[in-house]
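I have placed the structure first, in the form of structure tokens, so that the comments after it can refer back to it.
In what follows, every heavy atom counts, from backbone to side chain, and hydrogens, waters and symmetry copies are set aside. Computed from a prediction, not measured in an experiment: that's the story for all the values here.
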Amino acid sequence: MTTLVEALRLAALQEMKRDPRVWVLGEDVARGGLFGQYRGFLEKFGPDRVVSTPISEAVIMGAGLGAALVGTRPIIEMRIFDFVMCAMDELVNQIAKIRYMFGGQARPSLVVRMPHGLWRNSAAQHSQVLEAWFAHLPGVVVVAPSTPADAAGLLVSAIRSDDPVLFFDPKNLFGVEGEVPEVIEPIPFGRVRRVQSGNGLTIVSWSALMPAVQQAAAVLASRGIGAEILDLRCLWPWDQAAVVASARRTGRLLVAHEAVEVGGFGAEIIACVAEHAPGVKLARCGMPRVPLPFSPPLEEAIKVTPAKIVAAADRLLAR
Amino acid sequence: MTTLVEALRLAALQEMKRDPRVWVLGEDVARGGLFGQYRGFLEKFGPDRVVSTPISEAVIMGAGLGAALVGTRPIIEMRIFDFVMCAMDELVNQIAKIRYMFGGQARPSLVVRMPHGLWRNSAAQHSQVLEAWFAHLPGVVVVAPSTPADAAGLLVSAIRSDDPVLFFDPKNLFGVEGEVPEVIEPIPFGRVRRVQSGNGLTIVSWSALMPAVQQAAAVLASRGIGAEILDLRCLWPWDQAAVVASARRTGRLLVAHEAVEVGGFGAEIIACVAEHAPGVKLARCGMPRVPLPFSPPLEEAIKVTPAKIVAAADRLLAR
Amino acid sequence: MNATTANAAHWLALHRSMCRIRAFEETALAAHQAGDIPGPLHVSIGQEAVAAGVCLNLRREDRITSNHRGHGHALAKGAGVAGMMEELHGRAGGHCGGKGGSMHIADFSVGMLGANGVVAGGIPIAVGAAQGLKLLGLDHIAVCFFGDGAINRGPFLEGLNWAALYRLPVLFVCEDNGVAAFTRAADVTAGPGVVARAAALGVPAVTVDGNDVGAVDAAAARLVAEVRGGAGPRLLHAQTYRHTGHTSTDAAAWRPADEVAAAKQGEPIARFEARLLAEGVATAAELAAVREDALAEMQAARAAAMAAPWPDPATAFSDVLGA
Amino acid sequence: MNATTANAAHWLALHRSMCRIRAFEETALAAHQAGDIPGPLHVSIGQEAVAAGVCLNLRREDRITSNHRGHGHALAKGAGVAGMMEELHGRAGGHCGGKGGSMHIADFSVGMLGANGVVAGGIPIAVGAAQGLKLLGLDHIAVCFFGDGAINRGPFLEGLNWAALYRLPVLFVCEDNGVAAFTRAADVTAGPGVVARAAALGVPAVTVDGNDVGAVDAAAARLVAEVRGGAGPRLLHAQTYRHTGHTSTDAAAWRPADEVAAAKQGEPIARFEARLLAEGVATAAELAAVREDALAEMQAARAAAMAAPWPDPATAFSDVLGA
Ligand SMILES: Cc1ncc(C[n+]2csc(CCOP(=O)(O)OP(=O)(O)O)c2C)c(N)n1
Ligand SMILES: Cc1ncc(C[n+]2csc(CCOP(=O)(O)OP(=O)(O)O)c2C)c(N)n1
Ligand SMILES: [Mg+2]
Ligand SMILES: [Mg+2]
């Protein structure tokens with residue numbers, strides 16, 4: 001059994017051994033990274049491929065792009081997602097557009113790693129879940145795994161991809177354990193993982209909310225309601241076919257995510273199913289449109305919990 | 001008759017005359033602003049209230065916030081929306097959160113003006129429509145008018161609001177003419193403007209796409225189909241009640257916006273109506289998930305046009 | 001130093017301020033280790049002279065912005081201890097009603113415009129506060145505390161250039177503890193340093209021994225007077241040392257033990273006490289009493305915070321938009 | 001200057017490069033005014049000496065990044081004229097297939113990594129390109145062109161600090177035309193200027209008369225050699241003047257007429273021609289022929305672009321993700 005963060009470490013390690021063009025840059029990465037996800041890399045690959053940088057997010061992001069343009073394959077480590085806000089021009093105006101804008105002359109092969117989500121009462125500036133923004137942004141792949149095996153396999157795919165991949169590390173699940181194969185094979189983008197089958201309703205979720213969804217499903221199961229659970233894993237490309245097919249079959253779709261409900265990626269999924277599979281009963285469960293508070297009872301009041309998912313499922317089933 | 005950009009000029013002028021705490025900062029504003037929206041302000045209010053700044057978007061945004069915290073009411077002019085990407089920490093991590101994070105001690109009364117959207121083949125870095133991002137972001141009001149009168153009235157509301165207001169100037173409509181009252185009264189946030197009534201379907205849109213929607217509706221009318229058109233005007237708060245009521249009545253809802261369709265604010269509206277008014281037939285019309293190209297035939301291929309809106313309406317009516 | 005009656009009182013205030021910061025943070029650290037304070041906690045033990053030396057030269061109406069390591073700045077500026085301790089404990093009576101915590105401590109009633117979870121995040125805000133104060137015709141100033149790590153972020157350049165351009169009443173204070181998280185400042189900072197950077201941006205700057213509260217106080221007094229007098233922005237570069245790790249859960253084991261030991265040797269409170277004794281400003285017993293009082297104050301605040309009610313979950317939904 | 005055979009050829013190349021840039025932009029300006037070029041157009045008429053003087057000291061494998069005013073940089077670096085002119089006209093055969101236009105001109109085949117619509121946007125990219133080249137063990141360098149306006153944006157600080165830190169092979173070129181859009185650089189730039197800023201960030205810098213192509217060339221040759229030799233980054237500050245407005249639709253009427261006239265007096269092509277004549281490197285007729293050839297080349301390119309096919313609308317959907 002391997003923790004999720006260790007699975008990610010092993011995946012990056014494997015790829016850096018495989019391909020000398022792969023390197024990592026970000027704050028404190030030479031000391032193993034904030035979460036130990038690069039532990040031992042400096043010793044193995046040296047300071048030119050494991051670059052501890054100044055607190056200069058704009059250049060961490062932009063230098064990664066420039067280095068990709070000359071044929072290296074950087075892993076751009078952003079430490080905590082919220083700091084990406086200091087590098088948005090480089091990500092949104094440059095990385096996401098450069099291939100298109102230049103008519104295909106450039107192919108920025110890079111991964112941006114952004115540990116995101118709620119984690120140990122970190123409050124408003126260290127807990128954001130804005131993954132939906134990037135599904136809306138042309139030019140990037142958006143990955144948001146929830147298990148050690150998926151995280152490792154998708155990170156391998158991300159590093160080997162010729163497209164810019166935004167990789168949302170689920171930081172609250174870093175300690176979760178699971179099996180990871182000796183040799184980590186790439187997992188293709190855009191395919192759901194079917195967590196469990198069921199006929200009562202379909203629940204789609206991803207990233208750090210998956211354990212809560214599974215707990216909610218257990219409660220529903222104890223009442224005789226079988227939920228089909230799909231872990232989306234990728235927000236772009238996303239597995240529309242699998243979601244629509246499951247929703248059609250069960251007749252009910254609940255999308256649950258850690259992010260704010262208004263304008264979250266759940267809206268896209270619901271809208272898509274509403275357009276393509278009329279008649280399916282639809283519901284969402286996300287955070288209210290409120291910044292993340294610090295105090296535990298306040299955070300608890302805001303965040304999506306198994307109980308809230310069960311309540312949303314109950315309302316959906318009652319319709 | 002007054003152009004939209006002149007209506008905005010008059011609205012800001014009126015408010016700066018009314019309240020000495022109101023001031024404007026941004027690049028070239030002392031020379032009237034890129035679009036003439038501050039023409040004559042320097043002469044009237046002097047360089048302390050009409051501050052032409054360095055190209056320092058992070059501080060344009062952040063200094064606006066700081067100045068708001070001590071009781072002034074800044075208009076933060078961002079020139080072109082895309083440059084907001086250079087000031088996202090200040091907007092997303094600071095402005096949107098400061099009141100909440102500090103438990104209500106701070107009340108940043110400020111307006112961020114962001115001329116956005118397609119305009120004269122400006123290509124990928126000067127045409128983005130990312131309004132949906134901010135509907136998803138707790139802590140901000142999101143305004144996106146389409147007529148001179150609405151623009152003026154909503155800007156007055158924005159300047160007088162105690163909340164941070166993100167004001168999306170529809171730069172492609174700056175030359176559009178309309179009536180604007182001598183004394184510009186504030187228009188409350190969160191209420192649609194009913195552009196025309198109809199029974200065949202409901203079309204919701206906003207900002208720079210409104211003229212295309214009206215042209216599309218004219219085509220539909222010529223075929224005997226009466227579209228009810230609602231100009232949303234505000235994405236947050238948004239007039240859910242009016243949209244749901246209209247959609248229920250006509251039985252069909254088409255949301256059209258200039259932004260990319262995937263993850264656009266149309267998804268939120270469709271999801272909301274799907275959840276609250278099952279049975280309504282739903283469709284969206286937005287841009288494909290592609291950066292904006294430069295060349296006219298390419299831009300034309302991507303952008304939402306009256307013909308594409310008509311086609312979407314036809315598909316919806318055929319369901 | 002020359003112990004006139006007037007500055008004797010000021011020196012004792014500096015000492016008391018440092019002792020209160022130290023006591024507050026030692027108490028908070030223990031509370032965090034006991035699991036009573038949630039979230040990340042960054043303490044400034046060893047750096048107290050900077051906060052005290054600067055803030056005791058300010059008026060209540062002057063504004064400060066701070067960074068993630070902001071308890072000392074807040075306390076020195078006069079923030080209420082009960083509200084701070086409750087905030088750290090996530091209680092309803094905290095300055096932010098439990099919404100902020102340590103990393104977002106703020107007390108607007110004394111001009112403390114907030115700690116910040118983003119490195120350099122306070123720089124544009126302080127610059128704008130100064131611009132607003134100037135626009136309103138007030139002669140209050142803004143002071144902006146940040147670490148050595150912040151001088152490698154863009155807002156440092158943008159903010160200093162801006163402040164110099166508009167001659168804004170803002171004092172930048174770079175608290176240079178030689179390290180940013182787990183990386184040495186020297187390993188990530190090119191060129192001659194923050195003073196040269198400031199000068200190149202039109203902001204006159206001076207370096208002081210940030211562990212000598214007397215030196216910080218003297219420099220701050222002069223710079224604050226210049227800034228308040230309309231001379232434009234100034235930067236104070238205070239060299240200090242962080243005794244503990246980056247966060248309360250970081251042992252900073254990578255630092256050589258003798259380096260840490262040497263720094264503790266020259267720590268600002270004991271050092272200042274030696275001078276106070278030598279100058280005859282206070283007796284050892286008086287100084288010990290100040291320390292004990294501070295500790296008692298903070299422990300009482302902690303006990304009160306532990307007994308204080310948690311916020312009503314309904315308040316999680318307020319303070320977003322509208323009334 | 002001393003006209004040996006070797007440098008005579010180099011001087012003629014500098015002259016020719018400047019003439020081609022001038023001719024290209026005058027042609028483009030007319031095409032824009034005729035409504036044949038869509039979108040914004042920023043020309044660098046008057047600033048040609050900087051592009052030519054720097055780029056003629058580079059290898060094809062060296063990389064450059066540019067800003068919104070990038071035609072000259074691209075041409076001097078060897079970008080194909082047909083592809084550039086088609087791109088400006090939005091045609092299928094443009095370097096970017098019509099997706100970029102003037103503001104996003106790029107020709108990766110000659111190391112031109114792109115113009116940029118965001119001020120200072122090219123700085124982090126150039127720094128990263130240099131880092132990548134170094135990592136790959138190549139001795140090519142990166143050159144980064146930006147205006148005086150860019151030195152007030154954060155990436156300037158972050159990029160220079162970074163480049164100095166890792167001793168990257170990058171030459172920063174600040175094209176200082178004294179104005180950013182409609183605002184004088186002097187009105188928005190505090191402190192002693194870009195050279196001091198660079199020095200404070202650990203990047204040695206020199207100022208040259210950017211209207212004297214010989215001076216630019218000499219300085220660039222030296223700096224490029226240093227950078228390529230592993231000395232770390234350098235900055236070249238070139239003082240020049242923009243003859244026209246900010247965009248092709250801006251008359252820049254706010255500038256005093258005599259200021260503009262004086263600048264045109266000292267414009268780089270005529271000035272260099274005077275020296276070439278004085279040095280006996282070329283005759284007036286030969287120089288005129290170069291100018292005429294350049295104009296003929298650009299007008300032919302324009303005619304070809306006008307006759308060239310528009311892009312297939314289906315291509316609007318390619319080059320996003322995947323194959
Ligand atoms: C923009 C940004 N990047 C990274 C971080 C993570 N982080 C928090 S504190 C810190 C180190 C800051 O060092 P310094 O400014 O010297 O302050 P010190 O901790 O030494 O007091 C880092 C990297 C952050 N909060 N914000
Ligand atoms: C981040 C950003 N802010 C504003 C603009 C709008 N803008 C385009 S060019 C320009 C002036 C740039 O001046 P400078 O860098 O000196 O270059 P010059 O035009 O003088 O060649 C401005 C403000 C932009 N493109 N990017
Ligand atoms: Mg530090
Ligand atoms: Mg310029």
Would you call [X] and [Y] a side-chain contact if the rule is heavy atoms closer than 4.5 Å?
| X | Y | answer |
| --- | --- | --- |
| D/W310 | B/L298 | no |
| D/V119 | B/E57 | no |
| D/T183 | B/E27 | no |

For [X] and [Y], which heavy atoms make the closest approach, and how far apart are they?
| X | Y | answer |
| --- | --- | --- |
| B/F294 | D/G101 | CD2-CA, 3.3 Å |
| D/H104 | B/A123 | CD2-CB, 3.8 Å |
| B/I55 | D/A180 | CD1-CB, 3.8 Å |
| D/N152 | B/S56 | O-OG, 2.7 Å |
| B/Q125 | D/G117 | OE1-N, 2.7 Å |
| D/P40 | B/S122 | CD-CA, 4.2 Å |

Q | Part of B/P297 lying under 4.5 Å from any heavy atom of chain D | A |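 For B/P297, heavy atoms of backbone and side chain both lie under 4.5 Å from chain D.
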Do you know which of [options] has the most heavy-atom pairs with chain D at a distance under 4.5 angstrom?
| options | value |
| --- | --- |
| B/A30, B/G32, B/P54 | B/P54 |
| B/D28, B/L34, B/I302 | B/D28 |
| B/E300, B/H126, B/M85, B/E299 | B/H126 |

**Q.** B/S52/D/D187 under side-chain contact (heavy atoms from CB on, under 4.5 Å): CA gap, chis, key distance, verdict
**A.** CA-CA 9 Å; B/S52 265; D/D187 292 340; over 6 Å; no
Against chain B, label [X] side chain, backbone, both or neither, depending on which of its atoms sit under 4.5 Å from a heavy atom there.
| X | value |
| --- | --- |
| D/D319 | neither |
| D/L88 | backbone |
| D/I151 | neither |
| D/V118 | both |

Q: Check step by step if side-chain contact (heavy atoms from CB on, under 4.5 Å) holds for B/R31 and D/W254.
A: CA-CA 9 Å; B/R31 225 173 271 286; D/W254 55 274; 3.3 Å; yes
Q: With a 4.5 Å cut-off on heavy-atom pairs, point out which of D/H246, D/K99, D/R91 contacts chain B the most.
A: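 When all of D/H246, D/K99, D/R91 are compared, D/K99 has the most.
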Q) What distance do B/R289 atom CZ and D/L321 atom CG have between them, rounded to the nearest 0.5 Å? A)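 The CZ atom of B/R289 sits 6.0 Å away from the CG atom of D/L321.
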Q | Separation between OG of B/S295 and CD of D/E87, rounded to the nearest 0.5 Å | A |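 Here the rounded value is 8.0 Å.
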